[in-house]
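Take this structure first; my questions come after.
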Amino acid sequence: MTSITLNNVSLVYRLFEKLTLSAPGRRRSALGGNIAKSGTKQVVQALDGVSFELKAGDRLGLVGPNGAGKTTLLKVLYGIYQPSGGTISITGKVDALFNIHIGFRPEATGRRNIVLRGLISGWTAAEIEEKMEEIIDFSELGDFIDLPFKAYSQGMAARLAFAAATTLEPEILLMDEWIGAGDASFQEKAKRRMDELAEKAGIIVLASHDDALIQRVCTKKLTLRAGRVESLA
Amino acid sequence: MAAKDNAPEQRIAILPAMIAALNGAFDDISKAMRLHRVWIALAHEDIGDQHRRTTLGPLWMLVNYFAFVGTFAFVFVTKDASNPSYIAYVAIGMLVWFYLTETITMSVSLFQREASFIQGTTLPLFVYVMRLTMQCIIRAGYSLAGCVLILLLGGYGINTNWLLSLVGLLLLILATPAFVVVFAFLGAFFPDSEFIVGNLMRVGMFFTPVFWVYSGQEGIQEYAYNWNPFTYFLEGVREPITTGIFPGHALAVTGYFCLGLWAIALLLLGLYRKRIVFLI
């Protein structure tokens, strides 16, 4: 049974003054969040006391203005950021659709890119073999699949990236905005794929600025502001 | 006085933190090792991409190696230069030095280059370390083929001394991930180090017995020979073939150096691997 429980989770990270020979004003990393002082150090309070509980069937929409902590919260759930306080308990395999183009290599063929994408996603050789034709079929690339990725049009590249990224059996699915790709007919197909994914996933956490989408897909809405939970409905 | 009284408690508090850090580092390494297919595939792609549109492809690495060894053997024409043992000396010296230079200079910008992966996936940090290690080993493989050819042409037939040389090579390869970790963290915390380390490695070639022979000279050469850890990496591989002597001292120094380097690497990995994402 899939579940997510966050109890008073906070994420505070120090703004590292990188050791550098450049002028003091240019030293800081360009990171978002709320900058606060902790003694002599400057810190970013990205999340502050976030608590919620999700069980199988829940679809949580994360809303809030830019810099509210939506993407940060998704990355904490995915395990990219380690929280600095509170506890997280997750039961179920977590998949994320953040940057679907990650890892694609311009010089490699579409087929090779699917293999690489599969390896990065932790698929076994058998799983890659099994999913290969499905991805090629879905992307509608035909013979182009054996040409270098750099030879693809933007739409073709997006279709392949979408097909490879959404060939999942998610238990818990994290999404930073709803993704779509390609021309009008492919977008319709992509929408159906996303709906299927949402249907299959035990739990969905979707960050978006699109209220209509949140209303359509989600059963719960968590509003974040300055890293804090403003409301959960 | 109070500080003195607290000292044992502080030691007790530091110890679990160190153990936790080491456990974290070993966990990261073991996860990365299970994902060996990822870093092997990515390293092969990296090498392929670097030479994809060239006629010779990765063989350019072999050509580069021959060009350097040939140039040094030609420019430093001395009474030794016609001696095959000097050419073998330079050939092995260049092989090891190029490997070290490439590993170290590429490590400094490693996390910056991998930023999109680090910020977008949950792959263990050591995957990137092994990706670079693998890349450097593949590249060195081409130089090694050239070196073997030079040695064979120079009359150094394959014998048991080559096995002793393999011990030195093995130590070098074992030290590589530790070198990568240490210099990658240095680059993340101190971005200017990319240029500083690059320049130091360029200059370092002249302070390391890559092409000059140490025969008891005093002064700077004595210090450069005895107090330079790279000397021992070189001699551990080179001495068995060029002199036929087991390089016990060089291997011992290299071994201790590796242990120290790995200790630092494990601590860095354990303590800071989760913070790297905020630094790049």
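Labels below follow one simple rule: chain letters A, B, ... track the order of the sequence lines, proteins then strands, and each chain is numbered from 1.
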From A:K150 atom NZ to B:R52 atom CZ, the distance as rounded to the nearest 0.5 Å: 8.0 Å

Around atom CZ of B:F68, are there more than 12 heavy atoms from other residues, nucleotides or ligands closer than 6.0 Å? no

Against chain A, residues from residues 120-128 of chain B with at least one heavy atom under 4.5 Å, in numeric order, are B:G120, B:T121, B:T122, B:L123

Whatever's closer than 4.5 Å to a heavy atom in chain A on B:R34 counts as neither

Between A:I100 and chain B, which part of the residue has a heavy atom less than 4.5 Å away: side chain, backbone, both or neither? neither

Is B:E45 close to A:N113 at the side-chain level, that is, under 4.5 Å between some pair of heavy atoms? no

Within residues 125-135 of chain A, the residues sitting under 4.5 Å from chain B by heavy atom, in sequence order, are A:A125, A:I128

Check side-chain contact (heavy atoms from CB on, under 4.5 Å) between B:T54 and all other residues, then give those that pass, not counting sequence neighbours. B:H51, B:W60

Got a second to check how far A:S84's OG is from B:K274's NZ, nearest 0.5 Å? 13.0 Å

Any side-chain heavy-atom pair of B:Q119 and A:K75 under 4.5 Å: yes

State which residues pass salt bridge (Lys or Arg N to Asp or Glu O under 4.0 Å) with B:E114; sequence neighbours excluded, sorted by chain then number. B:R131

Whether over 12 other heavy atoms sit under 6.0 Å from A:F149 CZ: yes

Nearest-0.5 Å distance that lies between atom CZ in B:F117 and atom CD1 in A:I80: 12.0 Å

Toward chain A, the part of B:R37 with a non-hydrogen atom under 4.5 Å: both

Which portion of A:L116 sits near chain B, non-hydrogen atoms under 4.5 angstrom: side chain

Region of B:I118 in contact with chain A, defined by heavy-atom distances below 4.5 Å: backbone

Grab the two heavy atoms, one from A:L119 and one from B:A41, that are nearest each other, plus how far apart they are. CD1-CB, 3.6 Å

Taking atom CZ of B:F207 as the centre, report whether more than 12 heavy atoms of other residues, nucleotides or ligands fall under 6.0 Å from it. no

Supply the atom-to-atom distance A:E107 CD to B:R53 CZ, rounded to the nearest 0.5 angstrom. 7.0 Å

